[in-house]
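Here the structure is laid out as structure tokens; the discussion comes afterwards.
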Amino acid sequence: MQAVVLAAGKGTRLRPLTDEKPKGLVEVDGKPILTHCFEKLARLGADEFIVVVGYKKEKVISHYGDEVQGVPITYAHQREQNGLAHALLTVEEHIDDDFVLMLGDNVFEANLGDIVRRQREERADAAFLVEEVPWEEASRYGVCDTNDYGEIIEVVEKPDEPPSNLVMTGFYTFSPAIFHACHLVQPSDRDEYEITDAINLLLQSGRTIDAIRLDGWRVDVGYPEDREEAERRLQEGVVETV
């Protein structure tokens, strides 16, 4: 299965760590964040990495070259950071079949394999790793509303009144149908093309998306203190569940 990694952002909240390098090359426990992503995806059986680059892209390309962990890399360039749906469209021409999507600023020690296995069962059109967070924190994320079968029925981006406390974690599987939905997305109030809008279009077209709860942990490395938290957890030696 191909694996798409989104790594085009400027990482402004991580400054000064990102003054001279893109966020994906910021080190966590001695390795760039992107290396943590690639190692997990290689263990899941990814046969190609497709990396969306933008800010200081030449440093990512120079660092990794044309393969990592024995897996070939293809690079796609997002010239302007206009949202995740916009970033995803830059890889459309490279995708052959169902694929994994991973946000390249997350460090995971979790049950990622459950998502890949669910996609291969062909029971759902997509599967998302979701995390239960305190209700008061849910409004910071893309929130998933689910039915009694664990299927997602709606995703709401940073809602004032969250319909649940299950949030997206930055690890997904999709079929190529997501690209058609991304083409239909209109700019949001933030003037970005939101992945949540594309997901809702998929749902409205009758597609099935399964929510699988996170078993383990993940850290979204958005601020310097998040990097420190990810390092602390890795150094504690928590057993992987990939």
Side-chain angles (χ1 to χ4, degrees), residues 1-6 41 44-48 50 52 76 78 82-103 106 110-133 138-139 141-215:
M1 187 179 285
Q2 294 169 294
V4 175
V5 181
L6 302 188
L41 292 166
L44 289 169
D47 53 22
E48 181 185 9
I50 304 172
V52 179
Q78 187 186 21
N82 290 331
L84 297 187
H86 179 265
L88 197 51
L89 284 175
T90 66
V91 309
E92 182 178 13
E93 64 181 301
H94 303 293
I95 296 298
D96 304 320
D97 204 339
D98 292 1
F99 65 97
V100 173
L101 173 65
M102 185 184 230
L103 303 191
N106 282 258
N111 53 323
L112 307 182
D114 290 346
I115 313 302
V116 175
R117 284 189 288 273
R118 181 60 54 87
Q119 188 74 22
R120 286 175 173 156
E121 290 172 0
E122 299 184 353
R123 158 181 162 348
D125 299 285
F128 298 170
L129 187 66
V130 300
E131 181 179 9
E132 189 172 345
V133 300
S139 60
Y141 302 96
V143 179
C144 302
D145 194 9
T146 58
N147 62 19
D148 293 339
Y149 303 101
E151 298 168 346
I152 295 173
I153 57 175
E154 184 182 23
V155 176
V156 189
E157 184 68 28
K158 297 180 174 65
D160 292 332
E161 297 183 6
S164 81
N165 63 336
L166 286 179
V167 303
M168 296 193 293
T169 65
F171 192 84
Y172 321 77
T173 55
F174 287 108
S175 75
I178 188 62
F179 296 116
H180 179 63
C182 287
H183 279 293
L184 297 176
V185 168
Q186 298 299 308
S188 67
D189 293 340
R190 301 192 300 168
D191 203 28
E192 292 191 356
Y193 296 86
E194 309 281 3
I195 189 71
T196 48
D197 291 340
I199 292 165
N200 284 325
L201 287 170
L202 277 184
L203 293 167
Q204 291 163 19
S205 71
R207 307 276 177 168
T208 300
I209 301 176
D210 280 351
I212 297 178
R213 295 186 183 229
L214 179 141
D215 179 12

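Although no hydrogens or angles enter the test, the distance criterion places no donor-acceptor pair under 3.5 Å between the side chain of N200 and the main chain of E154. Panel note: side chain D125, backbone I209; no donor-acceptor pair is recorded below 3.5 Å.
In this structure, V116 and V100 have side chains that are in contact, with non-hydrogen atoms separated by less than 4.5 Å. Counting only heavy atoms from C-beta outward, the side chains of L89 and F179 approach each other to under 4.5 Å. Side-chain contact between N106 and T169 is absent, with no heavy atoms from C-beta onward closer than 4.5 Å. Here the side chains of Q2 and D96 are in contact, with some heavy-atom distance below 4.5 Å. At a threshold of 4.5 Å between non-hydrogen side-chain atoms, the residues S164 and T146 do not count as touching. Y193 places a side-chain heavy atom less than 4.5 Å from the side chain of P187. Side chains of F171 and L41 form a contact here, defined as non-hydrogen atoms less than 4.5 Å apart.
Between the CG atom in D98 and the CD1 atom in I178 there is a gap of 12.0 Å [rounded to 0.5 Å]. Atom CD1 of I115 and atom CD1 of I212 lie 4.0 Å apart (nearest 0.5 Å). With rounding to the nearest 0.5 angstrom, the NE2 atom of H94 is 6.5 Å from the CD1 atom of I50.
Side-chain contact, H183 with E92: a donor N or O sits under 3.5 Å from an acceptor N or O.
Among all heavy-atom pairs drawn from S188 and E194, the shortest one is OG-OE2, 2.9 Å. Residues A110 and L129 approach most closely at CB-CD2, 4.4 Å, considering heavy atoms. Nearest heavy atom pair, residue L203 against residue I152, reads CD2-O, 3.2 Å. Scanning both residues, V143 and A138, for their nearest heavy atoms gives CG2-O, 3.2 Å. For L88 against I195, the heavy-atom pair with the smallest separation is CD2-CD1, 3.9 Å. Of all non-hydrogen atoms in D197 and Q186, the two that sit nearest each other are OD2-O, 4.2 Å.
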* **Residues V156, D145; criterion side chain to side chain contact (heavy atoms under 4.5 Å, CB included); working and verdict** => CA-CA 8 Å; V156 189; D145 194 9; over 6 Å; no
* **side chain to side chain contact (heavy atoms under 4.5 Å, CB included) assessment of V130 paired with R213** => CA-CA 5 Å; V130 300; R213 295 186 183 229; 4.3 Å; yes
* To do: I would like to know whether L103 and L84 meet side chain to side chain contact (heavy atoms under 4.5 Å, CB included); could you show each step before the answer?
  => CA-CA 9 Å; L103 303 191; L84 297 187; 4.1 Å; yes
* To do: Mind running side chain to side chain contact (heavy atoms under 4.5 Å, CB included) on L202 and F174 for me, showing each step along the way?
  => CA-CA 10 Å; L202 277 184; F174 287 108; 4.3 Å; yes
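Screening Q204, M168, E157 against I199 for a side-chain contact (heavy atoms from CB on, under 4.5 Å) leaves a single residue, M168.
F99 has its ring centre no less than 6.0 Å from the ring centre of Y172.
Atom CG of N147 has more than 12 neighbouring heavy atoms from other residues, nucleotides or ligands inside a 6.0 Å radius. Atom CD of E121 has more than 12 heavy atoms from other residues, nucleotides or ligands within 6.0 Å.
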